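Here the structure is laid out as structure tokens; the discussion comes afterwards.
The chain is numbered in sequence order, starting from 1. No hydrogens, no waters, no symmetry mates; every other heavy atom, side chains included, goes into these values. From a predicted model like this one, the values you see are computed outputs, not experimental measurements.
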Amino acid sequence: MTQTRIRDCGVNIGELPTGPRNKISDVPGVLVGHATLDDARHKTGVSVILPGAENPFLHKPVAAAYVHNGFGKTLGLMQVQELGVLETPIALTNTLNVGRIHDALVGYMIDRCREDGYRLTSVNPIVCECNDAGLNDIQRRDLGAEHLLAAIADARADFAEGDVGCGKGTVCHSLKGGVGSASRRVSLDGRDYTIGVLVQSNHGALKDLTIAGRPAGRIIDASLRCSAPDKGSIISVVATDIPLSSRQIGRIIRRAGVGLARLGSFIGHGSGEVMLGFTTANRMPHASEAALLDFRAIAEEQIDPLFRAVAEAEEEAVLNSMIAADAVTGFDGATKRSLREFIDDVLSWKG
């Protein structure tokens, strides 16, 4: 899939090497799919992150969640914080469709477990959201089971970014936001591992946007005059194949905030910054005959490269979400422009 990404513009973030796709799907087994609702009234959708081929309820990936600023309506974080595992794919959508996608994800897991010979009677779906009401007629709430299932059916390694799925109607630093992803490789005990990030970007004020050390937002706003207060949100999902404990994942995903700060975000009062992470290397069985389980984790003094990896990948994922997005005109005629229109002016700025 060919789309413009920030590296195509000559902007290389950080020092760690990327994975082959530079996406969260560089983590083996992780796939992403979208369903987009795009017509005169709708600029919205659903995106899903599948944490591997195994049934996540029967083989639960070790996970963690962190709420940096809690202006949001995400469902399912309480149990992740308590038990440290995922039980379902992760679904991303708009604010007023969280309930409908939650219900659809319950139905999907009932059917998935039935296929595996298990009768599901309780499950903890993870549904995260950003408010796309600036471009989407959000009160219509027309997303449902058909869109969730379509996103799951669409799941692939080479997935689209920008104004697709949950990112169709989002706005980032007053420009068009969307879905973005990036990855980093780290070496531990002579073996290469991957950390990937996917974001649903819908946050930040234009005047604060910083790209490669340049005051990008101020350069752009000199012509657009459209900077608005930071009232949006961003969902950040981190995946890795490094063996980690839930506590360690919690430490790592907090570094997504470093990437946001590098882009100029100060994380405003009205912005919801939710961070969720999981590892495919440690899974907890739903039922075990053994009282004790074998478990691996990284030595704490070796964790710094993982912190750097998340910070770098987060920063790049947000920029990819913006540079891959086309300009979008919403249901009421408002248009959010693409970063691609201005990136040459930003990079040619001499101060």
* Cluster question for you: counting only ILVMFWY and a side-chain heavy-atom cut-off of under 4.5 Å, with indirect links fine, are Leu260 and Tyr66 together? -> yes
* Please report the C-alpha distance between His203 and His173 in whole Å, then the side-chain angles of each, then the deciding distance to 0.1 Å, and finally whether the side-chain contact (heavy atoms from CB on, under 4.5 Å) criterion is met. => CA-CA 6 Å; His203 70 291; His173 288 278; 4.0 Å; yes
* Got a donor-acceptor contact below 3.5 angstrom from the Asp221 side chain to the Leu224 backbone? -> no
* Got a donor-acceptor contact below 3.5 angstrom from the Thr279 side chain to the Val62 backbone? -> no
* **Asn22-Glu316 side chain donor-acceptor pair, cut-off 3.5 Å** => yes
* To do: Verify whether one side chain among Thr95 and Glu129 offers a donor that lies under 3.5 Å from an acceptor in the other.
  => yes
* Asked: Which pair of non-hydrogen atoms, one from Gly45 and one from Leu143, has the smallest distance, and what is that distance?
  -> O-CD1, 3.4 Å
* To do: Could you check Asp326, Asp8, Thr4 and say which one makes a side-chain hydrogen bond (donor to acceptor under 3.5 Å, both in side chains) with Arg340?
  => Asp326
* Asked: Are Val258 and Ile13 co-members of a hydrophobic cluster defined by side-chain heavy atoms under 4.5 Å apart?
  -> no
* ring pair (Phe, Tyr, Trp, His ring centres under 6.0 Å) partners of Tyr108, counting only residues at least two apart -> none
* Using modelled atom types only, decide if a donor and an acceptor are shared between the side chain of Thr36 and the backbone of Asp38 within a distance under 3.5 Å. => no
* Using a 4.5 Å cut-off on heavy atoms from C-beta on, say whether the side chain of Leu86 contacts that of Ile90. => yes
* To do: For the residue pair Val310 and Leu306, establish whether any side-chain heavy-atom pair is separated by less than 4.5 Å.
  => no
Donor-acceptor pairs under 3.5 Å, side chain of residues 134-141 to any protein atom, not counting sequence neighbours: which ones?
from, atom 1, to, atom 2, distance (Å)
Asn136, OD1, Lys43, N, 3.0
Asn136, ND2, Asp132, OD1, 3.1
Asp137, OD2, Arg41, NE, 3.2
Asp137, OD2, Arg41, NH2, 2.9
Arg140, NE, His42, NE2, 3.4
Arg140, NE, Asp142, OD2, 3.4

* To do: Can you see which heavy atom on Pro51 is nearest to which on Pro56, and at what distance?
  => CG-CB, 4.3 Å
* Not counting sequence neighbours, list each pair that qualifies as a salt bridge (charged side-chain N to carboxylate O under 4.0 Å, His left out) and has a residue in residues 65-93. => Lys60-Glu87
* Is any NZ, NE, NH1 or NH2 atom of the basic residue among Arg5 and Glu161 found under 4.0 Å from an Asp or Glu carboxylate oxygen of the other? -> yes
* Asked: Salt bridge or not for Arg308 and Glu15, using N-O below 4.0 Å?
  -> yes
* Could you tell me whether the side chains of Gln200 and Thr170 share a donor-acceptor contact shorter than 3.5 Å? => no
* Under 3.5 Å, side chain of Ser233 to main-chain N/O of Gly272, donor-acceptor pair present? -> yes
* side-chain hydrogen bond (donor to acceptor under 3.5 Å, both in side chains) between Ser236 and Glu273, intermediate numbers included -> CA-CA 8 Å; Ser236 303; Glu273 278 70 22; over 6 Å; no
* To do: Given salt bridge (charged side-chain N to carboxylate O under 4.0 Å, His left out), test Glu54 with Arg283 step by step and report yes or no.
  => CA-CA 10 Å; Glu54 297 175 286; Arg283 290 180 180 262; 3.0 Å; yes
* Hey, is the main chain of Cys166 close enough, under 3.5 Å, to the side chain of Ser47 for a donor-acceptor pair? -> yes
* Structure fact -> On a heavy-atom basis, the closest approach of Pro125 and Leu105 is CB-CD2, 3.7 Å
* **Lys168/Asp163 salt bridge by N-O under 4.0 Å criterion** => yes
* Check the hydrophobic clustering (I, L, V, M, F, W, Y; side-chain heavy atoms under 4.5 Å; chains of links allowed) and say if Phe307 and Ile242 are grouped together. => yes
* **His34 vs Val179, side-chain contact (heavy atoms from CB on, under 4.5 Å): CA-CA, chis, key distance, verdict** => CA-CA 10 Å; His34 308 295; Val179 174; 3.9 Å; yes
Show me, pair by pair, the donor-acceptor contacts under 3.5 angstrom made by side chains of residues 187-198, not counting sequence neighbours?
from, atom 1, to, atom 2, distance (Å)
Thr194, OG1, Arg185, NE, 3.0

* Less than 4.0 Å between a side-chain N and a carboxylate O, is that true for Arg114 and Asp116? -> no
* Closest non-hydrogen atom pair, Ser321 against Gly180 -> CB-N, 3.4 Å
* What's the verdict on side-chain contact (heavy atoms from CB on, under 4.5 Å) for Ile267 and Ser265, showing C-alpha distance, side-chain angles and the deciding distance? -> CA-CA 5 Å; Ile267 305 177; Ser265 175; 3.8 Å; yes
* Could you check if a side-chain atom of Leu209 sits within less than 4.5 angstrom of a side-chain atom of Ile211, using non-hydrogen atoms only? => yes
* Asked: Would a distance-only check, ignoring hydrogens and angles, find a side-chain to backbone donor-acceptor pair under 3.5 Å from Asn282 to Pro243?
  -> no
* Non-hydrogen side-chain atoms of Leu339 and Ile220 separated by less than 4.5 Å -> yes
* Kindly work out whether a path of hydrophobic side-chain contacts (I/L/V/M/F/W/Y, heavy atoms less than 4.5 Å apart) joins Leu276 to Val48. => no
* Structure fact -> Separation between CE (Met275) and SG (Cys128), nearest 0.5 Å, reads 12.0 Å
* To do: Take Lys176 and Met322 through the side-chain contact (heavy atoms from CB on, under 4.5 Å) test and state the conclusion after the steps.
  => CA-CA 6 Å; Lys176 187 65 193 73; Met322 300 174 72; over 6 Å; no
* Asked: With no hydrogens and no angle check, is any side-chain donor or acceptor of His102 less than 3.5 Å from a backbone partner on Val127?
  -> no
* Asked: Quick check: does any side chain N or O of Asn202 sit under 3.5 Å from a backbone N or O of Cys130, one acting as donor and the other as acceptor?
  -> no
* Asked: Can you find a heavy atom in the side chain of Ile323 that is under 4.5 Å from one in the side chain of Ile343?
  -> yes
* Kindly work out whether a path of hydrophobic side-chain contacts (I/L/V/M/F/W/Y, heavy atoms less than 4.5 Å apart) joins Leu37 to Ile101. => yes
* Asked: Where is the tightest heavy-atom contact between Ser201 and Gly177, given as atom of each residue plus distance?
  -> OG-CA, 3.6 Å
* **Partner set under ring pair (Phe, Tyr, Trp, His ring centres under 6.0 Å) for Tyr118, not counting sequence neighbours** => Phe57, His286
* To do: Answer whether the closest heavy-atom distance between the side chains of His68 and Arg254 falls below 4.5 Å.
  => no
* Is there a donor-acceptor contact under 3.5 Å linking the side chains of Asp26 and Ser183? -> yes
* Asked: Short question: side chain of Ser288, backbone of Pro285 - any donor-acceptor pair under 3.5 Å?
  -> no
* Asked: Do Gln79 side-chain atoms and Gly76 backbone N/O form a donor-acceptor pair below 3.5 Å?
  -> no
* **Val328 side chain near Lys336 side chain, heavy-atom distance below 4.5 Å** => no
Give the table of side-chain donor-acceptor pairs shorter than 3.5 Å for residues 295-304, with sequence neighbours excluded, one pair per line with atom names and distance.
from, atom 1, to, atom 2, distance (Å)
Glu300, OE1, Arg251, NH1, 2.7
Glu300, OE2, Arg247, NH2, 2.5
Glu300, OE2, Gln248, NE2, 2.7

* Asked: What's the shortest heavy-atom distance between Ile235 and Leu92, and which atoms?
  -> CG2-CD2, 3.8 Å
* **Close side-chain approach of Val85 and Val80, heavy atoms under 4.5 Å** => no
* Asked: Hey, what do you get for CZ (Phe159) to CD1 (Ile24), rounding to the nearest 0.5 Å?
  -> 7.0 Å
